[in-house]
Amino acid sequence: MFVSSEAQTSGAVTSILRPKRYPDTCSGGFRREVSLPTSTSNSWSADTLSLATHNLSLFATSLESFHPDSIHRCILTFTVFLISTLLSTPQTLLCQEQEEDGVAVQQQVIDHALLPSLFSKNPSKPPQEPPGNWFLTFGAGSAFPEFDRGEIVNNLTGAVTPMKFNADFAFTSLFSAGFRWFDLRRWGHWSFDVGFLGAYLGTGTSALLQRDQTNLGFLGLGGSVGYRIGQDRFEPFVGFAGGGAIVNVESTSVNLGEVWGYWFAPRGGIRYYLPGTRWSIGIEGIFRFVGALNGFKGPSAESTFNETPHAGLEGHWLYVPLVLFEIGYRF
């Protein structure tokens, strides 16, 4: 009878301690588990160790009535399983074990770092800087207009008298408005601009009884290409401009009328952008070529003044070199 009880008890203990096989959702195989508290971390808490010690003491107490050899085998078996359980570590950080109804259940934990971007709010994009700015520029300086192949035509006899003109100093001003492109991502430090140009040039002399005055107005379009250096504060540039010109001439206190012509000019200079502001300052040189300034009528229509007759590849232009000091503002 004692042997039968021992056999039954040994079978019961073996049934309790027999590991069960569960599918391993992390590795794709099977794993062997016992219904003991487990954890996914390498460091076990005090509650877990206390529970394991308590179960061991209860188990030893329940086996006091059995045969000594059976008790030793049971205690040895239980100790082996206990140590293997305590020393075991999770296979992967994405797996987590939980105990449900005395059975160890393994489940996967979704890492939030792996969530698709569709389930997270898209971060707001920083506002993109505009590819450029509208600008206004005002300038003033000195010009030195001259022509040396003009002519005076006598309308009665047809005689032609050479005429030349040279102004050592003339006041000039300029106004321009347009758009300047500057985008480091697309063009690096290069800049491009195009805009409207308006300018005035005036020169003359006056005495007690007579006055000589020449006034020129310029309208047109222009553009330039620049390259910014020195932390994008300095901008050397070159460009070209052209358009129409209107000229009024007054000689010996006699107004000879207005004449329309045309002009074109290469240009170049340098700008400096004031740090932390929208203002800029610069210096610019322009060399204007003015043509078709012909047909000024003399007194009583007896003569005609042609300042730039036959202007073309051989010259015969009104030449206007000038230097401007400018101040600009970007919007």
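Rounding to the nearest 0.5 angstrom, the gap separating the CE atom in M163 from the CD atom in E307 is 5.5 Å. Atom OG1 of T172 is separated from atom OH of Y200 by 9.0 Å, given to the nearest 0.5 angstrom. Distance check, rounded to the nearest 0.5 Å: OG1 of T304 to CG of N154 gives 9.0 Å. Atoms CD1 and CH2, on I327 and W279 in that order, are 5.0 Å from each other to the nearest 0.5 Å. Remark: N155 CG to E302 CD distance equals 8.5 Å, nearest 0.5 Å. To the nearest 0.5 Å, the span separating CZ on F234 from CD1 on I229 amounts to 7.5 Å.
Taking 4.5 Å as the limit, every side-chain heavy atom of V249 sits out of range of all side-chain heavy atoms of Q213. Side-chain contact between S176 and T137 is present, with at least one heavy-atom pair separated by less than 4.5 Å. Side-chain contact between E250 and T214 is absent, with no heavy-atom pair separated by less than 4.5 Å. Side chains of E151 and P309 form a contact here, defined as non-hydrogen atoms less than 4.5 Å apart. Residues V290 and Y262 fail the side-chain proximity criterion, which asks for heavy atoms closer than 4.5 Å. In this structure the side chain of F218 reaches within 4.5 angstrom of the side chain of R288, judged on heavy atoms. Residues F182 and D193 fail the side-chain proximity criterion, which asks for heavy atoms closer than 4.5 Å. By the 4.5 Å heavy-atom criterion applied to side chains, I270 and I283 are counted as neighbours.
Side-chain atoms of S303 do not come within 3.5 Å of backbone N or O of I152 as any donor-acceptor pair. A donor-acceptor pair is defined here as one N or O able to donate and one able to accept, closer than 3.5 Å; such a pair exists between the side chain of N133 and the backbone of F331. Checking side-chain atoms of W263 against main-chain N and O of L219 turns up a donor-acceptor pair under 3.5 Å. A distance-only check finds no donor-acceptor pair linking the side chain of H316 to the backbone of T308 [under 3.5 Å]. The closest donor-acceptor contact from the side chain of T203 to the backbone of A167 lies at 3.5 Å or more, if one exists at all. For N306 (side chain) and G295 (main-chain N/O), a donor-acceptor pair under 3.5 Å exists by modelled atom type.
Of all heavy-atom pairs between R267 and G222, the closest is NH1-C, 4.3 Å. Annotation for V259 and A292: closest pair CG1-O, 3.7 Å, computed over non-hydrogen atoms. Of all non-hydrogen atoms in I286 and A265, the two that sit nearest each other are CG2-CB, 3.5 Å. The shortest non-hydrogen separation linking L201 to A143 is CD1-CB, 3.4 Å. Taking each heavy atom of N215 and G202 in turn, the nearest pair found is OD1-CA, 4.1 Å. Between V160 and P162, the shortest heavy-atom contact is O-CD, 4.0 Å.
If you chain together hydrophobic residues whose side chains sit under 4.5 Å apart, L216 and F296 fall into the same group. Hydrophobic clustering of Ile, Leu, Val, Met, Phe, Trp and Tyr side chains at less than 4.5 Å, counting indirect connections, unites V225 with W187. If you chain together hydrophobic residues whose side chains sit under 4.5 Å apart, L136 and F325 fall into the same group. V320 and V323 fall into different hydrophobic clusters, where Ile, Leu, Val, Met, Phe, Trp and Tyr side chains are chained together by heavy-atom contacts under 4.5 Å. At a threshold of 4.5 Å between side-chain heavy atoms, the hydrophobic network of Ile, Leu, Val, Met, Phe, Trp and Tyr places L197 and F179 in two separate groups.
Taking the ring centre of F135 as origin, the terminal cationic atom of R330 falls outside the region bounded by 6.0 Å and 45° from the ring axis. A cation-pi arrangement is present between R271 and F237 under the rule of less than 6.0 angstrom and at most 45 degrees off the ring axis.
The six-membered or imidazole ring of W181 lies away from that of F192, with a centre-to-centre distance of 6.0 Å or more. Aromatic rings of W317 and F264 (six-membered ring for Trp) have centroids within the 6.0 Å cut-off, being under it. Aromatic pair Y319/F289: centroids less than 6.0 angstrom apart.
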ask   = Checking salt bridge (Lys or Arg N to Asp or Glu O under 4.0 Å) for the pair K164/D148: CA distance, chi angles, key distance, verdict?
value = CA-CA 4 Å; K164 63 180 181 179; D148 56 3; over 6 Å; no

**Prompt:** Yes or no on side chain to side chain contact (heavy atoms under 4.5 Å, CB included) for L256 and K297, after CA distance, side-chain angles and deciding distance?
**Reply:** CA-CA 5 Å; L256 303 182; K297 299 297 181 180; over 6 Å; no

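Under a cut-off of 6.0 angstrom, the local environment of CZ in F175 is crowded, with over 12 non-hydrogen atoms contributed by other residues, nucleotides or ligands.
The closest side-chain donor-acceptor pair between E235 and Y273 falls under 3.5 angstrom. Remark: the R228 side chain and the H189 side chain contain no N/O donor-acceptor pair separated by less than 3.5 Å. With 3.5 Å as the limit, one finds a donor-acceptor pair spanning the side chains of E258 and N248.
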